[in-house]
Amino acid sequence: MSLEKQTILVIDDEQLNRKLLRAQLSVMGYVIWEAASGSEALEIAKEKPDLILLDVMMPNMDGFEVCRLLKESEATRGIPVIYLSAIRDAKSKVHGLALGGVDYVSKPYDGPELLARVKTHLTLRRQEEELSLYAGKLEQMVQERTQQLVHADRLATIGTFAAAIVHEVNNPLTSIGGGAELLKLFWNEAEPLLDRHMNEDQTGKLAKGLPRVGGYLEGILEGQRRIAQIVNTLRTYSQRGETGMAPCLLADPANDAVRLVQHRCKHGVSIDISIPDELRISCNRRKISQIFINLFTNAIDAMPDQRGTIHVDAVPANCYVNIKIKDSGCGIPDAMSETIFDPFFTTKGEERGTGLGLYIVRNIIEEHGGKIRLAPYDGAGAEFHIELPLLQ
Ligand code: ADP
């Protein structure tokens with residue numbers, strides 16, 4: 001709010017009084033609006049002047065009533081009102097101030113004194129507005145921080161939950177998988193035998209059920225593989241506590257990852273790693289290679305016909321290394337740039353995605369004191385930027 005733009009509404013039924021006030025206040029650079037009656041004033045006040053100078057003795061609606069109505073309305077409540085009146089008794093002054101006026105100047109008034117009061121109330125008003133702006137910003141910051149804390153809490157819960165699932169599910173899952181494999185072997189031998197004895201079953205149940213058993217077994221094995229995949233992904237996450245930090249060349253875990261995803265590159269994916277030899281970080285090598293594995297796997301999944309390129313570049317910047325991982329896949333819309341890191345967010349469908357890959361990537365990077373973000377979509381593939389502390 002700049003001084004030149006500060007607006008004062010002068011309410012007085014006497015035109016001469018309004019003229020005089022206009023002349024005195026305009027000199028100070030204020031913009032003056034005028035109202036000759038209470039009802040006209042209430043209309044103009046909706047435009048929110050910065051201050052109101054209000055005569056008390058007016059026909060139809062007196063100044064006290066105008067002030068009462070101004071304070072009643074949400075839109076005009078905050079505008080400071082200074083009474084200007086020939087009524088000088090203390091009782092009237094107290095009454096006017098009780099209705100919400102900020103000051104009471106008796107007529108005939110002293111020009112410089114009135115101007116000083118106007119200036120003070122305008123300053124107070126400006127400070128009040130600034131304060132309420134700061135309060136609003138503070139409120140917003142508190143809300144954002146609370147959301148972050150709730151999110152962090154949720155993530156911690158998921159971590160504990162993940163560890164429990166890995167622990168509880170792994171053994172029975174191994175039994176199911178092993179049992180189903182043995183059953184399949186047995187079934188391969190038993191099926192032809194039963195087939196030969198099909199005619200002996202008068203109920204027809206054998207004829208009906210026999211062709212289906214193989215499919216049932218495959219279904220069990222497929223389900224077991226899917227659960228094992230999820231448990232395996234969760235295992236990485238549940239090993240959060242494990243540190244195993246040691247100095248290592250950044251290129252090593254990246255190359256480990258290339259070897260581990262090689263089987264998925266056979267259709268025509270080339271991974272080009274350009275990491276200077278001297279870049280060293282303190283890390284858990286298995287976990288850092290997991291980051292690259294997850295990012296490479298996602299990149300390959302995003303390529304049409306699993307053909308394309310992945311470039312990894314690393315450049316030192318002060319105490320950090322900036323790693324860029326760019327692929328030639330379908331890319332990720334900017335609107336999804338944060339959601340993709342949420343646990344269980346996947347666009348790959350239940351069969352193929354767990355939605356834990358990037359969530360784990362971000363967690364591992366943060367555990368190592370780094371950051372990851374998705375670069376804005378440029379129409380050609382996805383580009384992730386990772387920052388990790390360098391070993392000096
Ligand atoms: P998942 O791979 O199991 O779906 P992620 O957390 O690894 O889980 O990835 C979440 C989602 O982010 C993916 O389903 C996909 O939509 C998107 N995504 C991640 N990486 C890429 C990429 N390189 N290109 C396009 N989409 C990607």
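Note that the coordinates shown come from a computational prediction; the quantities given were computed from them, not determined experimentally. Counting starts at 1 for both ligands and their atoms, following the listed order.
Below 4.0 Å from some heavy atom of Thr354 lie the following atoms of ligand 1, by number and element: 3 (O). If you number the atoms of ligand 1 from 1 as listed, the ones under 4.0 Å from a heavy atom of Ala299 come out as 23 (N). Within ligand 1, counting atoms from 1 as listed, the ones closer than 4.0 Å to a heavy atom of Gly353 are 3 (O).
Counting heavy atoms from C-beta outward, Leu356 and Phe344 have side chains that approach closer than 4.5 Å. For the pair His311/Ser328, no side-chain contact is recorded, criterion being any heavy-atom separation below 4.5 Å from C-beta on. Annotation: side chain of Phe345 is not in contact with side chain of Leu358 (no heavy-atom distance under 4.5 Å).
Judged by the shortest distance from any of its heavy atoms, Gly331 lies inside the 4.0 Å radius around the atoms of ligand 1. Distances shorter than 4.0 angstrom occur between a heavy atom of Gly355 and an atom of ligand 1.
Arg117 and Glu113 are joined by a salt bridge, as a carboxylate oxygen and a charged side-chain nitrogen come within less than 4.0 angstrom of each other.
For atom 2 (O) of ligand 1, the closest heavy atom belonging to the protein is Lys348 NZ, 2.6 Å. With respect to atom 24 (N) of ligand 1, the closest heavy atom belonging to the protein is Ala302 CB, 3.3 Å. Phe345 O, 3.2 Å is the protein heavy atom nearest to atom 10 (C) of ligand 1. Considering only non-hydrogen protein atoms, atom 4 (O) of ligand 1 sits nearest to Thr346 OG1, 2.5 Å.
Residue Asp327 touches ligand 1 through its side chain alone, judged by heavy-atom distances below 4.0 Å.
Hydrophobic clustering keeps Ile176 apart from Tyr216 (ILVMFWY residues linked when any side-chain heavy atoms are closer than 4.5 Å, directly or through intermediates). No path of Ile, Leu, Val, Met, Phe, Trp and Tyr side chains, each step under 4.5 Å between heavy atoms, connects Ile275 with Leu249, placing them in separate hydrophobic clusters.
Of the N or O atoms in Leu358, one or more lie within a sub-3.5 Å distance of an N or O in ligand 1. Not a single N or O atom of Ala382, backbone or side chain, sits closer than 3.5 Å to an N or O atom of ligand 1. Residue contacts with ligand 1: Asn298 is placed with a nitrogen or oxygen under 3.5 Å of a nitrogen or oxygen of the ligand (distance criterion only).
Among residues at least two apart or in separate chains, there is no ring-ring contact (aromatic ring centres under 6.0 Å, His included) pair with a member in residues 111-140.
In this structure, Tyr104 has its ring center closer than 6.0 angstrom to the ring center of Tyr83.
Among Ile325, Ile332, Thr297, the residue whose heavy atom sits closest to atom 27 (C) of ligand 1 is Ile332. Considering each of Thr347, Ile310, Val361, Ile340, the one bringing a non-hydrogen atom nearest atom 12 (O) of ligand 1 is Ile340.
When every heavy atom of Pro253 is checked against every heavy atom of Arg285, the shortest pair comes out as CB-O, 3.8 Å.
Formation of a donor-acceptor pair under 3.5 Å by the Arg22 side chain with backbone atoms of Val10 is not found in this model.
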